[in-house]
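One structure is given below, encoded as structure tokens.
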Number of protein chains: 2
Amino acid sequence: MSTFPRKISDSTVRRSSLYLRVLEALELEGSDTVSSRVLAERVGATAAQVRKDLSLFGTFGTRGLGYEVTALRERLAEILGLSHEWPVALVGAGRIGSALFEYPNFRERGFQIVAILDSDPRKVGQSWDGIEIHSTRELERTIERLGVEIALLAVPASVAQGVADHLVESGVRGILNFAPTRLRVPPGVAVNEVDLALELETLSFVLEGGGRDGNPAPEDVAAGPEGESR
Amino acid sequence: MSTFPRKISDSTVRRSSLYLRVLEALELEGSDTVSSRVLAERVGATAAQVRKDLSLFGTFGTRGLGYEVTALRERLAEILGLSHEWPVALVGAGRIGSALFEYPNFRERGFQIVAILDSDPRKVGQSWDGIEIHSTRELERTIERLGVEIALLAVPASVAQGVADHLVESGVRGILNFAPTRLRVPPGVAVNEVDLALELETLSFVLEGGGRDGNPAPEDVAAGPEGESR
DNA sequence: ATTTGTGAACATGTTCACAGCT
DNA sequence: AGCTGTGAACATGTTCACAAAT
């Protein structure tokens, strides 16, 4: 439905997810409107950045007033594809898979794990919270039957590419990959890599002295804060 | 020891971690030298990018020949701070903490979990693989005693900031944060956020039609421009 | 008075293209 | 000839600053 003029940058999308969270919190706190400045403060960005980001999606604010919290929250959720549930497949029922399965934030945001797949015969047939673990031999059938378009890939690196190919063939268009391998996927398929060792390595690089400053100094910090929470 | 001329960008550091992995693989495969082109192919970057990245750290290559695999591997590991072990604390012994504890790639890369901390009295006193879970009341003592500088923060979002403050006070300078909250830390402390729900949201954004193309086409990939989705 | 929306200025990161070394 | 190292060109993302709206 909504297609946007330019290509929206990844950073804008990521920040928009954060805006959405803040808007949800503000709604609970009973705020009707919010300014770009306040939004910026809560996510650690600048007010100009917030306005620029939002302006890429359309015109939501009222000059002199700010943004209407509920309206913006709804619109952002829609833009991010969060106004409906996403059936998600979990592939790999090991330690990481298990942690992902239990991760409460997924379901809260509309990502429902509706299928679990594993190649280990000892795991196949088990149920987690009422969801049976299927063999990866039934991957295609399962994915198709449940209309899964997003998969959490938590298998060993050595088999990740093969499983990913299989997922794509079955109709999956988005993969969140936890295996430390760069996946090759055809155009039209989105992959996000979560590479934990790499994250630690960027920390050790900084600690070892690589970065000139370990923390880009929290900008202002001088201007008097006003959002007194209580 | 080694301090670099400019500030090295985050993207360069992340790619360098990938180069290091490829170099390790090449070493096992018995390659003596490697060109920027081959290195690039294996990590999904361009040859120019590889050369530029490496040149920020120094001059390692030989014109006409390429890079000596072992020498570059050693130097990169050193630069990334991986030439020695890092004692790491795991804070939060829930599902995610448990998965992190078992994650084999950490130890392989020199990150040793030497302490586990949790506030749940039922968990305190248990041992995982010989490592006793301590109360967060003993956080400072434990961190200091073991010389921990890097922490994995896997606690609920509601307490993450408080625990982070405590960690920093105790001497931690790098935090890998799994709680979906933006941590505020003083200058000199590095934080990496691993925000799983956010990763899924960037996928759903693309799938919903937000991005013009779900997959920025893996560079060259021979001739095959204008990838049309499915 | 306040706060948005946005072009223009700026900063940062990536690619090009080629001189220079082996 | 082959391949690196790098300035210059380019592309992308961020910040500034101000006109426009309420």
Side-chain angles (χ1 to χ4, degrees), chain A residues 4-16 18-19 23 26 31-41 43-69 71-72 75-76 202 211-213 216-220 223 226-227, chain B residues 4-16 18-19 23 26 31-41 43-69 71-72 75-76 202 211-213 216-220 225:
Chain A
F4 304 113
R6 327 181 187 187
K7 171 124 185 357
I8 305 293
S9 81
D10 192 58
S11 346
T12 292
V13 177
R14 300 180 99 83
R15 278 191 300 268
S16 298
L18 299 178
Y19 303 152
L23 289 164
L26 287 168
S31 308
D32 285 346
T33 60
V34 63
S35 67
S36 56
R37 188 175 50 74
V38 169
L39 216 35
E41 254 164 35
V43 306
T46 67
Q49 182 77 79
V50 171
R51 295 200 298 276
K52 182 70 97 181
D53 283 338
L54 294 178
S55 77
L56 297 175
F57 295 125
T59 297
F60 308 121
T62 311
R63 290 168 195 232
L65 239 184
Y67 301 89
E68 215 233 295
V69 171
L72 183 56
R75 191 72 189 91
L76 262 189
T202 70
R212 285 279 42 95
D213 185 11
E219 310 317 290
D220 51 326
E226 36 86 348
Chain B
F4 304 112
R6 331 180 184 186
K7 170 127 186 0
I8 304 291
S9 80
D10 193 57
S11 345
T12 292
V13 177
R14 300 179 98 84
R15 278 191 301 266
S16 299
L18 299 179
Y19 303 152
L23 289 164
L26 287 169
S31 308
D32 284 347
T33 60
V34 64
S35 67
S36 57
R37 188 176 50 75
V38 169
L39 217 34
E41 254 163 36
V43 306
T46 67
Q49 182 77 81
V50 171
R51 293 200 300 276
K52 182 70 101 182
D53 283 338
L54 294 178
S55 77
L56 297 175
F57 296 125
T59 298
F60 307 121
T62 311
R63 292 169 194 230
L65 240 185
Y67 301 89
E68 215 232 293
V69 171
L72 183 57
R75 192 73 189 90
L76 262 190
T202 71
R212 284 279 43 97
D213 185 12
E219 315 312 292
D220 51 321

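Keep in mind the model is a prediction, meaning the values are calculated, not measured.
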Practice item. Could you check how far CG of L54(B) sits from P of dT14(C), rounded to whole Å? Key: 14 Å
Check your understanding: dG13(D) P sits how many Å from K7(A) NZ, rounded?
Key -> 8 Å
Exercise for review: For I8(B) and dT12(C), give me the distance from atom CD1 to atom P, rounded to whole Å.
Suggested key: 14 Å
Exercise for review: Could you tell me which non-hydrogen atom of V13(A) sits nearest to which non-hydrogen atom of I8(A), and how far apart they are?
Suggested key: CG2-CG2, 3.8 Å
Practice item. Kindly say if S9(B) contacts the phosphate of dT12(C), meaning a side-chain N or O under 4.0 Å from OP1 or OP2. Key: no
Revision key, fill the gap. Taken to the nearest 0.5 Å, the spacing of L23(B) CG from S16(B) OG works out to 10.0 Å
Review point. Side-chain N or O of Y67(B) less than 4.0 angstrom from OP1 or OP2 on dG5(D)?
Key: yes
Review point. In Å and rounded to the nearest 0.5 Å, what is the OG1 to CG distance from T46(B) to D53(B)?
Key: 8.5 Å
**Study point:** Rounded distance (nearest 0.5 Å) linking atom CG of L76(A) with atom OH of Y19(A)
**Key:** 9.0 Å
Review point. Between Q49(A) (CD) and dT3(C) (P), how many Å, whole number?
Key: 19 Å
Exercise for review: Remember a base hit wins even if backbone is also touched, and classify T12(B) as base, sugar-phosphate or nothing at under 4.0 Å, heavy atoms.
Suggested key: nothing
**Study point:** Minimum-distance pair of heavy atoms, taken over all atoms of L39(A) and V34(A)
**Key:** N-CG2, 4.1 Å
Review point. What is the distance, rounded to the nearest whole Å, between atom CG of L56(A) and atom P of dT15(D)?
Key: 14 Å
Exercise for review: Please report, rounded to the nearest Å, how far the C1' atom of dT15(C) is from the CG atom of D53(B).
Suggested key: 12 Å
**Study point:** Protein-to-nucleotide contact annotation, 5' to 3' order, nucleotides 16-22 of chain D [B base; S sugar-phosphate only; - none; under 4.0 Å, heavy atom]
**Key:** BB-BBBS
Exercise for review: Measure from CG on L39(B) to C1' on dC3(D) and round the result to the nearest Å.
Suggested key: 13 Å
Practice item. Using atom CZ of R37(A) as one end and atom C1' of dT4(C) as the other, report the distance to the nearest whole Å. Key: 13 Å
**Study point:** Pairwise distance OG(S36(A)) to CD(Q49(A)) - rounded to 0.5 angstrom
**Key:** 11.0 Å
Name each donor-acceptor pair under 3.5 Å that joins a side chain in residues 54-63 of chain B to protein atoms two or more places apart or in another chain, with its distance.
residue	atom	partner	partner atom	Å
S55(B)	OG	R51(B)	O	3.4
S55(B)	OG	K52(B)	O	2.8

Practice item. May I ask you to verify if any side-chain N or O of S36(A) is less than 4.0 angstrom from the OP1 or OP2 atom of dT4(C)? Key: yes
